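Okay, so here's the structure we're looking at.
Throughout, a chain's letter reflects where its sequence line sits, starting with A, and its residues are numbered from 1. Remember, predicted model here, so these are calculated numbers, not experimental data.
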Amino acid sequence: MIAPATIVRRAAPVLACIGLLTAWQLASLGLKNDSFPTALEAVRAIPDILGDKESLINILASLRRMAIGFGIAVLVSIPLGLLMGRSRAVASFFNPLLMVIYPVPKAALMPIIMLWLGVGEATKILVIFLGVSLPVIYHSFEGAKAVEEKMLWSGAAMGLSPWQRLVRIVLPAALPEILTGCRTGLVLALITMITSEMIARQSGAGNILFNALDMGQYDTVYAMIIIVGAMGICLDAIFERVRAGLVRWSEPQFDMPLSFS
Amino acid sequence: QQTIRVGWTIPAEESKYWMMRRPAEFPDIGKTYNIEWTQFQGTAPMTQALAAGALDCATQAPLSLANGVVGGNLKAYIVAQHVFEKPGGFSVYWAVMDDSPIKTIADLKGKTVGISVIGGGTQGPFNLLLKQNGVDPAKDIKLVEVGFAVSEDALRQGRVDAVNMNQPFAARAEAKGGTRKLFSLSQAMPNIVHILEACRADFVDKNPELVKAYVRDITSGMKKALANREETLKVVNEVLKAPLPVLETYLLKDNDFGRDPGAAPNFPAIQKMLDIYAETGMLPKLDVAQFKHPTIVAPLQ
Amino acid sequence: MSRILSPSLVVGLVPIMLVIALWQALVSFGFAPAVLLPPPGFVFGRLLQQLVTWTFQQEIAATLVRLFAGFAIAVVLGVGIGIAAAVNPATNAVVRPIVRVLAPLPKVALYPALLLLLGFGHGSKITLVAADALFPILLSTYYGASTVEQKLIWSAMAAGTPRYEILFKVVLPAAMPSILTGCRIGLVISCIVVFLAEMITSTDGLGHALVTAARTFQAVDMFVPLITISLLGLILNALLGALRSYLLRGFPEA
Amino acid sequence: MKVVPSKSSEWMRPVASQKPAFAIIEIDRVSQVFQTSARKDHLALSDISLTIEEGAFVSILGPSGCGKSTLLYIVGGFVSPTSGAAKMKGRAIMGPGPDRGPVFQEFALFPWKTVLGNVMYGPRQQGVRATEAEAQSRALIEMVGLKGYENFYPKELSGGMKQRVALARTLAYHPEVLLMDEPFGALDAHTRTRLQNDLLNIWERDRKTVLFVTHSVDEAVFLSDKVVMMSKSPGRIREVIDIDLPRPRLRNELLLDPRYQKYVVDIERMFDESDAAGAPS
Amino acid sequence: MKVVPSKSSEWMRPVASQKPAFAIIEIDRVSQVFQTSARKDHLALSDISLTIEEGAFVSILGPSGCGKSTLLYIVGGFVSPTSGAAKMKGRAIMGPGPDRGPVFQEFALFPWKTVLGNVMYGPRQQGVRATEAEAQSRALIEMVGLKGYENFYPKELSGGMKQRVALARTLAYHPEVLLMDEPFGALDAHTRTRLQNDLLNIWERDRKTVLFVTHSVDEAVFLSDKVVMMSKSPGRIREVIDIDLPRPRLRNELLLDPRYQKYVVDIERMFDESDAAGAPS
Ligand SMILES: Nc1ncnc2c1ncn2[C@@H]1O[C@H](COP(=O)(O)OP(=O)(O)OP(=O)(O)O)[C@@H](O)[C@H]1O
Ligand SMILES: Nc1ncnc2c1ncn2[C@@H]1O[C@H](COP(=O)(O)OP(=O)(O)OP(=O)(O)O)[C@@H](O)[C@H]1O
Ligand SMILES: [Mg+2]
Ligand SMILES: [Mg+2]
């Protein structure tokens with residue numbers, strides 16, 4: 001027996017998707033514009049993409065790059081962010097540097113990146129890496145900063161070395177915030193996975209999308225967008241499971257009492 | 001077995017598409033040498049990639065290649081040619097709406113005009129034409145960048161008063177009707193070369209046999225493309241993912257660009273274009289001879 | 001103020017100097033040809049030259065307008081929706097799945113449609129910037145707002161604060177550390193996206209200056225906009241830092 | 001209404017039981033079950049019924065973890081009980097309101113506001129003009145002994161100072177019912193005594209109802225009309241004791257009063273028994 | 001070493017003052033200035049000098065906000081004093097170490113660990129084997145009356161329960177010096193008494209040194225060899241009182257002992273004077 005509330009909650013994503021598609025359909029009908037196809041046209045193009053073996057290989061290649069870029073970014077950014085959060089010196093060393101490097105559009109640096117990394121995988125993984133690391137570093141940074149000092153003192157008094165404190169106290173204490181960074185990172189990973197293939201590409205989901213864009217095949221463009229959106233939902237759902245398992249201790253005890261309904 | 005890194009783009013390199021999709025038809029590909037294909041958005045990034053040594057050969061437009069030579073210290077040979085404008089065939093043109101008050105080039109004064117790439121290959125002849133008709137391209141019009149794919153929509157939406165058209169979008173727009181050709185590039189120059197194949201000079205000098213084999217395959221690819229339209233349509237469809245009915249309306253028909261049967265570069269025409277660019281101030285004066293390799297140039301058998 | 005800033009400022013300038021030194025070294029030792037990577041001295045020289053020219057100032061102005069307009073819209077929407085979703089189950093049920101779908105979409109792909117809908121001027125670019133910067137801000141705000149200490153809200157309610165005011169008087173300030181983190185990320189993304197949009201299609205702005213220079217291999221001119229945006233990042237970082245320590249002066253981590 | 005801090009208490013008040021007893025708060029068979037992370041249900045309060053009369057000073061005593069704070073949350077309207085109902089003035093408590101002012105065990109000060117800002121929050125919220133609210137708040141801050149700390153942020157205060165700010169913050173908006181969770185727990189004996197007197201003073205003048213959680217039997221007997229004793233978890237009411245001592249109560253007199261002594265000793269004995277009987281869960 | 005909880009104290013011990021006095025902690029003219037957000041310097045501790053002998057039980061009494069916690073932080077090595085120095089066994093205290101175990105006023109439990117996880121953390125860190133650490137920790141958890149709550153997370157505990165976990169967590173790794181900041185402040189009288197006895201028990205058996213902040217004069221006199229009285233901010237040492245009562249001390253006997261009574265009354269009187277003298281800042 002499932003409670004009605006549960007049914008509503010389960011159905012909400014589906015309803016939201018249907019709602020979005022409907023809004024899109026109405027908007028595109030109203031605009032009558034070739035480069036903005038109706039939702040129906042886009043949905044109709046999905047089987048063509050997913051039925052094509054080559055497209056599937058393309059999409060899998062993109063996902064592989066994304067996984068590698070995301071993995072490296074998380075492994076590098078969390079320690080860096082935590083260190084920045086706990087050490088004023090490290091923070092003032094890296095913070096301006098990061099703020100100088102990150103705003104530079106990677107697309108503009110392509111000629112130089114190509115010089116050293118070529119036009120293949122490495123370049124794209126680098127772009128994804130940069131996209132993911134941005135939120136992970138800053139959320140880890142803030143999370144580590146907000147760790148209650150007396151918790152660290154307790155750890156120090158138990159004989160934990162500074163490094164042990166970083167791993168065994170700062171990391172778990174900041175985990176909820178770090179995971180928020182990772183979640184934003186996941187979103188950006190999907191976006192950069194596509195946009196990294198904008199200028200140069202061999203295979204990948206972005207390949208399909210930008211080719212279609214160049215050719216004015218807008219139903220394919222939007223079908224691809226839908227597919228990326230669907231991948232987003234799936235990855236997010238998986239991530240949410242992992243997150244819930246890791247930070248159950250931090251969930252608020254009572255519901256927010258501010259419903260206006 | 002050596003590998004050659006090739007940059008390509010869409011939509012009009014049929015011989016390379018054949019090499020990519022039907023490698024079995026070419027005795028050397030995959031056997032005596034390999035090709036690593038990378039697709040780019042436009043020719044300018046490929047020039048950068050060539051200059052950075054990330055590519056060995058790539059599709060180029062005369063202007064982008066010349067830019068690479070002038071600004072990027074690039075040394076390259078033009079080894080083949082993909083498409084050009086032939087009299088009676090398709091020429092990139094600027095369209096206006098049927099009911100537009102713009103009747104002549106001179107009427108463009110004070111209007112918003114779309115062009116695919118500001119400072120791109122078409123702008124030289126375009127500027128020339130405007131000047132010839134008493135319009136200062138820098139002051140009298142508002143130039144905006146409108147990619148070919150959205151040209152038609154931008155025009156119909158009234159975002160621009162005139163916009164450039166290219167295949168296959170031109171064919172699609174014409175089929176729908178409501179637009180009219182204002183002028184085309186052929187009015188400035190009859191045999192404009194749009195895209196050609198260029199290889200880095202140091203690469204060619206080091207691997208002459210390899211490049212020779214590559215150019216040979218481009219030549220034979222062009223032959224196959226022209227000989228078997230049915231199959232070419234299929235190949236292009238696989239690469240562009242554009243539906244066959246759309247391709248059917250123009251590809252390799254009279255309303256398409258011209259293709260040399262042996263993919264031979266038309267050096268005099270290229271020189272003419274370089275001259276136009278020099279005249280409109282986009283480039284210093286250049287001699288096309290520096291792009292010529294004595295032996296390695298299509299057609300090669 | 002200067003007592004706190006100066007040592008950390010020095011520490012912060014060191015790595016930037018190192019990067020410039022590395023850059024110079026790359027050029028000097030021939031790891032990159034000068035036509036692709038001009039020496040930093042040239043670039044900064046040209047930048048100083050350019051900065052006083054009216055045309056370059058106009059390019060900067062165009063970019064800044066788009067950057068800040070887009071970012072401001074993203075902040076308002078992101079914080080508003082994020083907080084509403086955190087405190088109100090009904091809004092949450094609607095917003096959550098929509099965000100899940102929309103957040104990971106590559107917004108650049110929508111750019112052609114935006115161009116047609118909003119024209120080639122500021123509108124389309126501002127929208128693109130806002131769309132890309134929105135989600136990091138929204139997600140951070142949501143996290144911050146949903147972990148607000150319950151008893152703070154209870155205290156405010158007991159003092160007679162109407163429910164909607166609690167959003168502004170308690171949830172917003174309490175979530176501020178997280179919101180500011182989101183804003184920092186959103187700001188960086190705004191910088192990237194405004195450039196991207198101008199590079200794809202534009203007639204003015206730093207991004208446009210960059211592509212035109214890149215196409216004609218004017219490497220120095222290409223790096224001037226890049227350095228400009230980097231410097232902008234530095235300035236914005238300082239401003240954000242100051243804003244942060246002002247807004248969070250009561251929080252233990254400030 | 002202006003708060004004038006005063007140190008001694010020279011006022012007269014009829015003894016509570018002589019007033020017409022009007023039940024301001026009724027707690028009716030309330031139980032509270034918490035879901036723990038270990039996925040077990042944890043019964044925190046079991047079948048609590050209690051009536052509090054208007055103007056009464058009621059203290060709750062009970063072993064640590066027996067559910068005193070939880071009970072206060074329910075009366076405050078912050079938590080709705082798993083079963084049973086709480087009523088205020090005959091109407092079911094649906095949520096928090098400015099008629100019931102809590103002082104939380106963990107203080108819950110607004111970290112982004114200074115001491116003054118925290119204390120002024122309530123009056124400003126009630127529409128008191130800024131200057132007036134500030135004057136009132138400064139008076140309260142002085143009363144709790146924090147003059148000079150008006151512009152300090154909570155993170156810069158000691159534990160006991162935070163507790164006093166929390167107390168002042170709630171007193172500042174004059175709630176009808178005060179729900180105080182060990183409000184003097186982190187204070188030294190001297191400050192505690194002074195604040196007890198001040199609280200009694202305010203209580204008398206404003207005819208407030210007070211629900212007061214404490215661990216000090218002395219304090220409970222000294223302040224209350226009624227002491228509610230709870231037993232070890234799951235929290236139940238073990239005993240309700242009417243403290244029949246004359247008011248005004250002066251500490252020095254009371255300490256010598258054998259009735260007072262008896263109350264204290266009796267209640268302490270009950271505690272010992274309860275522990276002997278109900279084994280620690 | 002295994003902790004065996006015990007309720008009464010049937011052990012013998014020589015009176016502290018008879019032992020050869022070896023100064024384990026020396027605090028030498030320590031001052032502490034805090035920078036406040038209001039950009040004013042705030043003097044929290046002024047010129048404190050104090051010597052604590054090995055194995056001594058020293059209590060600190062003082063008005064709220066006088067700097068007791070700050071002093072503990074300095075001895076703990078968490079904060080370095082603005083001027084002056086603190087030494088342990090003759091060597092300057094440079095940072096925290098497992099020889100000095102703090103029990104913080106705010107508990108500072110690890111929220112991602114259960115009660116058991118929190119208590120086991122120290123022993124595991126010291127290299128005790130998991131099974132042994134768990135057995136010891138469970139015994140301590142039972143001692144502080146939290147049997148049955150081993151798998152609860154801190155957010156699911158009441159204030160007093162958290163405080164007891166914090167106590168157990170520190171006791172679990174046997175620091176030589178205990179730095180306890182109002183460790184029984186949130187406990188009911190009964191639990192408090194039991195834990196006082198348990199603490200004395202452990203102190204005696206393990207020959208620990210204890211620095212104990214409290215607000216209860218009773219508690220200070222009952223537990224200590226020495227009571228340090230601090231005066232209102234800026235915190236200074238007002239008086240150090242040796243408590244010359246025989247050990248073992250049994251609560252029931254002591255309550256009737258006139259010397260005990262006198263200590264309590266004297267200290268309380270001193271408090272009143274201090275307040276009369278130093279006006280609230
Ligand atoms: N969120 C929660 N989840 C699970 N159990 C909880 C939760 N909050 C409280 N409890 C349990 O409810 C019981 C009562 O807690 P409460 O805080 O009301 O105790 P208390 O009487 O105030 O104790 P103290 O005097 O120590 O503050 C405790 O056993 C506690 O473990
Ligand atoms: N971070 C800080 N910034 C500024 N002032 C501070 C800071 N921490 C403490 N203080 C001040 O130092 C003084 C002593 O604080 P401390 O916490 O040591 O007092 P305490 O004796 O422990 O009081 P309590 O009994 O209330 O816990 C207080 O006046 C407080 O305002
Ligand atoms: Mg409680
Ligand atoms: Mg303290």
Point to revise | Interface residue of largest heavy-atom contact number with chain E, from Ala189(D), Ser158(D), Gly65(D), Ala186(D), under 4.5 Å | key: Ala186(D)
**Study point:** Which atom of Gln35(E) lies closest to which atom of Glu156(D), heavy atoms considered
**Key:** O-OE2, 4.4 Å
**Study point:** Euclidean distance, Cys66(E) SG relative to Met161(D) CE, rounded to 0.5 Å
**Key:** 10.0 Å
Check your understanding: Could you state the interatomic distance from CG (Leu157(E)) to OG (Ser64(D)), rounded to the nearest 0.5 Å?
Key -> 9.0 Å
Point to revise | Part of Phe152(D) within contact of chain E (heavy atom distance under 4.5 Å) | key: side chain
Check your understanding: What part of Ser69(D) lies closer than 4.5 angstrom to a heavy atom of chain E: side chain, backbone, both or neither?
Key -> neither
Practice item. Kindly state whether the ring of Phe184(D) and the ring of His215(E) have centres lying under 6.0 angstrom apart. Key: no
Practice item. Identify the two heavy atoms, one from Gly185(D) and one from Glu182(E), that lie closest to each other, and give their separation to 0.1 Å. Key: O-OE1, 4.4 Å
Check your understanding: Is chain D contacted by the side chain of Lys155(E), its backbone, both, or neither, given a heavy-atom distance below 4.5 Å?
Key -> side chain
Point to revise | Atom pair NZ (Lys232(E)) and OG1 (Thr191(D)), whose distance is rounded to the nearest 0.5 Å | key: 5.5 Å
**Study point:** Proximal component of Phe34(E), with respect to chain D [non-hydrogen, under 4.5 Å]
**Key:** neither
Check your understanding: Rounded to the nearest 0.5 Å, what separation is found between the OH atom of Tyr149(E) and the NE2 atom of His42(D)?
Key -> 3.5 Å
Review point. Taking all non-hydrogen atoms of both residues, which atom of Gly160(D) and which atom of Gln105(E) are closest, and how far apart?
Key: N-NE2, 4.2 Å
Point to revise | Straight-line distance of Met230(D) CE to Asp188(E) CG, nearest 0.5 Å | key: 12.0 Å
Point to revise | chain E contact via Arg192(D) - side chain, backbone, both or neither, heavy atoms under 4.5 Å | key: neither
